[in-house]
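Being a predicted model, the structure only gives us computed values, none of them experimental. Every chain is numbered from 1, with letters handed out A, B, ... down the list of sequences.
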There are 2 protein chains.
Amino acid sequence: MANLDSIFHGLADPTRRAVIARLAQGPAPVSELATPHAMALPSFLKHLKVLEAAGWIESEKSGRVRTCRLRPETAKLAEGWLGRQRTLWEARLNRLDAFLETIDDEGDTDDS
Amino acid sequence: MANLDSIFHGLADPTRRAVIARLAQGPAPVSELATPHAMALPSFLKHLKVLEAAGWIESEKSGRVRTCRLRPETAKLAEGWLGRQRTLWEARLNRLDAFLETIDDEGDTDDS
DNA sequence: CCATTAGATAGCCACATGGCTAACCTTGAT
DNA sequence: ATCAAGGTTAGCCATGTGGCTATCTAATGG
């Protein structure tokens, strides 16, 4: 697992998001993950390491092929944090609405 | 608005997440946002600029006070992307389940 | 055994990030 | 008019990030 810092940093790059999107449809070997991306393999491997360190993916080598798969729990951590903020935000808006209605009930105060 | 790169990069730092969490409870001036964080103001301002460039917050200066507020649409973009990946992932698991049931239906094939 | 395939490691480079201090500019209060 | 408060700007520095090439190892196919 990893902290939110590395989890969100993992998402802050189109190559890495593309890898996650690809792996959401099932595991794949490194070379297959790499082909859509116009960069040298070592550069791409760095992205995979970032994702693995963040807990987004896990991988296993069998023979000379390393197969990567997604760890969906990590997405839950990310969605969880975002959801909690949204909850706070919405609660605040509800309180605000309630307050505004209170003002309505009191009628206009500064109108000649 | 901004792209997913900067949106997620905005979240990849505890100071910035704390600012977002604070602003989810309502707008606040820069100095109030800064006080909980043990760093010089200019350093903190950089974080605010990252958040503003990413579309996470907007701010307005009146007199010598700049007030910041959250832009919750941005959270929707982030949650939206994550949600779409989860949808793909779950669809894939459903197909996998269906496939495994297919195998069950066919009975054992290699059992003497 | 030899060549090929799949990936790993090392090292280099340019630029971005995240922190700092010092100096500056407005606005507000006295 | 002056001083304090609230930012803002400019510049410095160390480290991180994202790309590259060159080289290396370990499996596999012929």
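- For B:Pro27 against B:Arg22, the heavy-atom pair with the smallest separation is O-NH2, 3.7 Å.
- Following rounding to the nearest Å, A:Phe44 (CZ) and C:dT9 (C1') show an atom-to-atom distance of 18 Å.
- Residue order along DNA chain C, read from the 5' end via each residue's closest nucleotide, puts A:Arg66 first among A:Arg66 and B:Ala12.
- What separates CG of A:Leu45 from C1' of D:dC24 is a distance of 14 Å, to the nearest Å.
- Taking only side-chain nitrogens and oxygens, A:Lys49 comes nearer than 4.0 Å to OP1 or OP2 of C:dT9.
- Between A:Arg16 atom CZ and D:dG16 atom P the separation is 15 Å, expressed in whole Å.
- Residue B:Val50 comes nearest to B:Gly10 through the heavy atom pair CG1-CA, 4.3 Å, listed as atom of the first residue, atom of the second, then distance.
- Between B:Ser43 and the phosphate of C:dG18, there is no side-chain N or O to OP1/OP2 separation shorter than 4.0 Å.
- No side-chain donor-acceptor contact under 3.5 Å links B:Ser59 to the backbone of B:Arg66.
- Rounded to whole angstrom, the span from the CG atom of A:Leu41 across to the P atom of C:dA8 amounts to 8 Å.
- Spacing between atom CG of A:Asp5 and atom P of C:dG18 amounts to 10 Å, rounded to whole angstrom units.
- A:Leu88 and A:Leu77 are assigned to two separate hydrophobic clusters, defined by single-linkage of ILVMFWY side chains at heavy-atom distances under 4.5 Å.
- Along DNA chain D, the nucleotide closest to A:His9 and the one closest to A:Pro42 are compared, and the more 5′ of them pairs with A:His9.
- Rounding to whole angstrom units, NZ of residue A:Lys46 and P of C:dC15 are separated by 16 Å.
- Between the CG atom of A:Leu33 and the P atom of C:dA8 there is a distance of 12 Å, rounded to whole Å.
- The distance between atom CG of A:Leu48 and atom P of D:dT17, rounded to the nearest whole Å, is 16 Å.
- Between B:Val65 and A:Val50, it is B:Val65 whose nearest contact on DNA chain D lies nearer the 5' terminus.
- Here B:Arg64 does not reach the OP1 or OP2 of D:dA4: none of its side-chain N or O atoms lies under 4.0 Å away.
- Contact annotation: A:Ser31 reaches the phosphate of C:dG7 (side-chain N/O to OP1 or OP2, under 4.0 Å).
- Put simply, the side chain of B:Lys61 and the base of D:dG7 share no donor and acceptor less than 3.5 Å apart.
- Taking the six-membered ring for Trp and thresholds of 30 and 60 degrees, B:Trp81 and B:Phe8 have ring planes more than 60 degrees apart, a perpendicular arrangement.
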